[in-house]
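Heads up: numbering here begins at 1 and tracks the sequence. Numbering of ligands and ligand atoms starts at 1, following listing order.
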Amino acid sequence: MKIERIAVHVFEHPTRIVRDSAGHAHAGTGAPGKARLALLRLVTEDGAEGYAFGPPEVIRPFVLDSFVRKSLVGQDAFDRERLWHDLVHRQRGSAGQLTDRAISIVEQAQWDWAGRKLGLPVRKLLGGFRDKVRAYGSTMCGDEQPGGLATPEDYARFAEKLVARGYKGIKIHTWMPPVAFAPDPRRDVAACAAVREAVGPDIALMLDGYHWYSRTDALYIGRALERLGFAWIEEPMEEESIESYVWLAGQLELPVVGPESLAGRFLSRAAWAREGACDILRAGAPGTGGITSCLKVAHLAEAFGMNCEIHGNGAANLQVVGAIRNCEWYERGLLHPFIDYDEVPAWLNSLTDPMDREGFVHLPNRPGLGEDINLAYIEAHTVERY
Ligand code: LLH
Ligand code: MG
């Protein structure tokens with residue numbers, strides 16, 4: 001079935017989330033602001049459509065015209081693997097313009113198209129493994145807002161609320177610059193200790209702190225987390241330094257999870273598994289070049305007898321979680337005391353990842369990626385189309 005058209009709608013929606021100078025999401029304090037999101041539509045010759053969302057900057061007109069349309073238009077929409085490799089080959093000569101994230105959005109739209117066409121959720125096409133998954137509540141990074149996530153006690157009180165909501169696992173993102181007092185290994189450990197004391201021994205806890213700690217700071221934190229019975233430590237150091245992770249993982253009983261933000265899609269993860277740089281591999285569909293690339297990481301991990309915990313929330317990641325055996329969790333968030341994550345975003349009719357009171361997210365059974373898209377809202381709030 002030939003791809004006839006790739007179109008993008010950039011639309012505005014209300015948001016309470018603001019970003020700091022380092023790109024970390026926080027809860028805004030004033031009235032809701034506006035943010036822009038792009039909907040990529042893949043249309044085939046029979047009029048069928050597939051959809052995926054992404055940042056407008058990532059799939060801007062130059063990227064679509066120079067690479068995406070050249071690779072996809074006129075090609076068979078079912079040939080995901082071939083078209084993915086074609087795009088990856090165009091990356092080298094794109095001077096960094098065609099990113100893994102852009103390729104991922106395009107690939108997600110192809111999966112959504114195929115699922116809708118065949119009347120099946122994407123996870124069933126990938127190879128269904130589960131229909132529900134335990135979610136860990138993943139907090140936003142720490143801030144300096146009274147009653148927000150400014151102190152270890154704030155994290156402890158928020159963790160109690162998350163447990164009352166049903167979460168059986170909580171991942172703490174602690175303080176990172178530009179927060180004035182960050183980074184501070186001792187404060188991170190104090191927050192972890194406060195949360196453990198607040199939720200008791202039966203809730204799984206993870207730490208995703210400052211990503212640029214030295215080896216010795218990371219080891220200090222890791223040893224403290226061992227005493228607190230944490231489930232894993234995530235990205236405490238620069239992931240470009242595989243040697244640092246081999247050094248750390250070799251000294252900790254505590255599982256080390258990674259790499260999350262390292263480039264190189266599934267290729268770079270192979271060395272991490274072989275070298276023992278982590279105990280649990282990590283990949284996410286948006287950051288690792290797409291659903292299939294993320295799945296390759298999960299299967300690579302399986303071949304090493306390792307789990308692969310999927311990075312981030314969202315429809316594509318949820319479909320991957322639903323199609324692999326070797327992960328325990330879905331990352332639900334990012335969460336903050338001032339934000340209601342259970343509120344349906346303006347551009348959807350219902351939540352993609354609803355969670356019950358026992359902490360299970362039930363995977364959508366709608367065809368495709370499973371997003372319940374409000375196309376009328378998007379049409380009414382479109383500010384740019386190309
Ligand atoms: O630095 C941040 O804002 C968070 O770490 C963010 O990247 C989050 O997606 C993450 O790491 N989740 O695991
Ligand atoms: Mg992380």
**Q** Do E81 and T292 have side-chain N/O donor and acceptor atoms under 3.5 Å apart?
**A**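 No.
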
**Q** Under 3.5 Å, is there a donor-acceptor pair between the R325 and N307 side chains?
**A**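 On atom types as modelled, these side chains do not qualify, holding no pair under 3.5 Å.
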
**Q** What protein heavy atom sits nearest atom 9 (O) of ligand 1, and how far away is it?
**A**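 Here the nearest protein heavy atom works out to H311 NE2, 3.0 Å.
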
**Q** So if I count the atoms of ligand 1 from 1 in the order they appear, which ones are less than 4.0 Å from some heavy atom of E234?
**A**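 In order of numbering, the contacting atoms are 13 (O).
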
**Q** Quick one: which of H24, E309, E235 has a heavy atom closest to atom 2 (C) of ligand 1?
**A**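 Shortest heavy-atom distance from atom 2 (C) of ligand 1: H24.
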
**Q** Quick one: report the N, O or S atom of D208 that is nearest to the Mg ion (ligand 2).
**A**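 Looking only at N, O and S atoms of D208, the one nearest the Mg ion (ligand 2) is named OD2.
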
**Q** State whether E331 contributes an N/O/S atom found under 2.8 Å from the Mg ion (ligand 2).
**A**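 False for E331.
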
**Q** Is there a nitrogen or oxygen of Y136 sitting under 3.5 Å from a nitrogen or oxygen of ligand 1?
**A**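 No, Y136 has no N/O under 3.5 Å of an N/O on ligand 1.
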
**Q** Identify the protein heavy atom lying closest to atom 11 (O) of ligand 1, giving its residue, its atom name and the separation to 0.1 Å.
**A**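 Of the protein heavy atoms, E260 OE2, 2.7 Å lies nearest.
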
**Q** Yes or no: does C141 have any heavy atom under 4.0 Å from an atom of ligand 1?
**A**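 Checking ligand 1 against C141, which is what was asked, there is a heavy-atom contact under 4.0 Å.
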
**Q** Are Y220 and D188 linked by a side-chain donor-acceptor pair shorter than 3.5 Å?
**A**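 There is no such pair (donor and acceptor under 3.5 Å, judged by atom type) between the side chains of Y220 and D188.
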
**Q** Measure the distance from atom 8 (C) of ligand 1 to every protein heavy atom, then report the residue, atom name and distance (to 0.1 Å) of the closest one.
**A**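 Its nearest protein heavy-atom neighbour is H173 NE2, 3.6 Å.
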
**Q** Output the list of atoms in ligand 1 that are nearer than 4.0 Å to some heavy atom of R282, sorted by atom number.
**A**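 That gives atoms 13 (O) of ligand 1.
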
**Q** Of all the atoms in ligand 1, which lie at a distance below 4.0 Å from a heavy atom belonging to E331?
**A**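 Near E331, the atoms of ligand 1 are 12 (N), 13 (O).
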
**Q** Considering only non-hydrogen protein atoms, determine which one is nearest to atom 13 (O) of ligand 1 and report residue, atom name and distance to 0.1 Å.
**A**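 Atom 13 (O) of ligand 1 sits closest to the protein heavy atom K171 NZ, 2.7 Å.
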
**Q** Give a yes or no on whether I6 and I103 share a hydrophobic cluster (residues Ile, Leu, Val, Met, Phe, Trp, Tyr; joining criterion: side-chain heavy atoms under 4.5 Å apart).
**A**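 Same hydrophobic cluster.
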
**Q** What I want to check is whether the side chains of H311 and E260 have a donor and an acceptor closer together than 3.5 Å.
**A**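 Note: H311 and E260 side chains meet the donor-acceptor criterion.
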
**Q** Return the name of the atom in E234, of element N, O or S, nearest to the Mg ion (ligand 2).
**A**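 Closest to the Mg ion (ligand 2) among those atoms: OE2.
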
**Q** Checking K132 against F360: charged group under 6.0 Å from the ring centre and within 45 degrees of the axis?
**A**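 Ring-cation test returns yes.
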
**Q** Would Q108 and S104 count as having a side-chain donor-acceptor pair, cut-off 3.5 Å?
**A**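 Present: a donor and an acceptor within the cut-off.
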
**Q** Is there a donor in the side chain of W329 and an acceptor in the side chain of E331, or the other way round, less than 3.5 Å apart?
**A**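 Result is no, nothing qualifies.
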
**Q** Can you name the N/O/S atom of E260 that is nearest the Mg ion (ligand 2)?
**A**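 Going by distance to the Mg ion (ligand 2), the closest N, O or S atom in E260 is OE1.
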
**Q** Does a donor on one side chain sit under 3.5 Å from an acceptor on the other, for E235 and S261?
**A**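 Indeed, the side chains of E235 and S261 share at least one donor-acceptor pair under 3.5 Å.
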
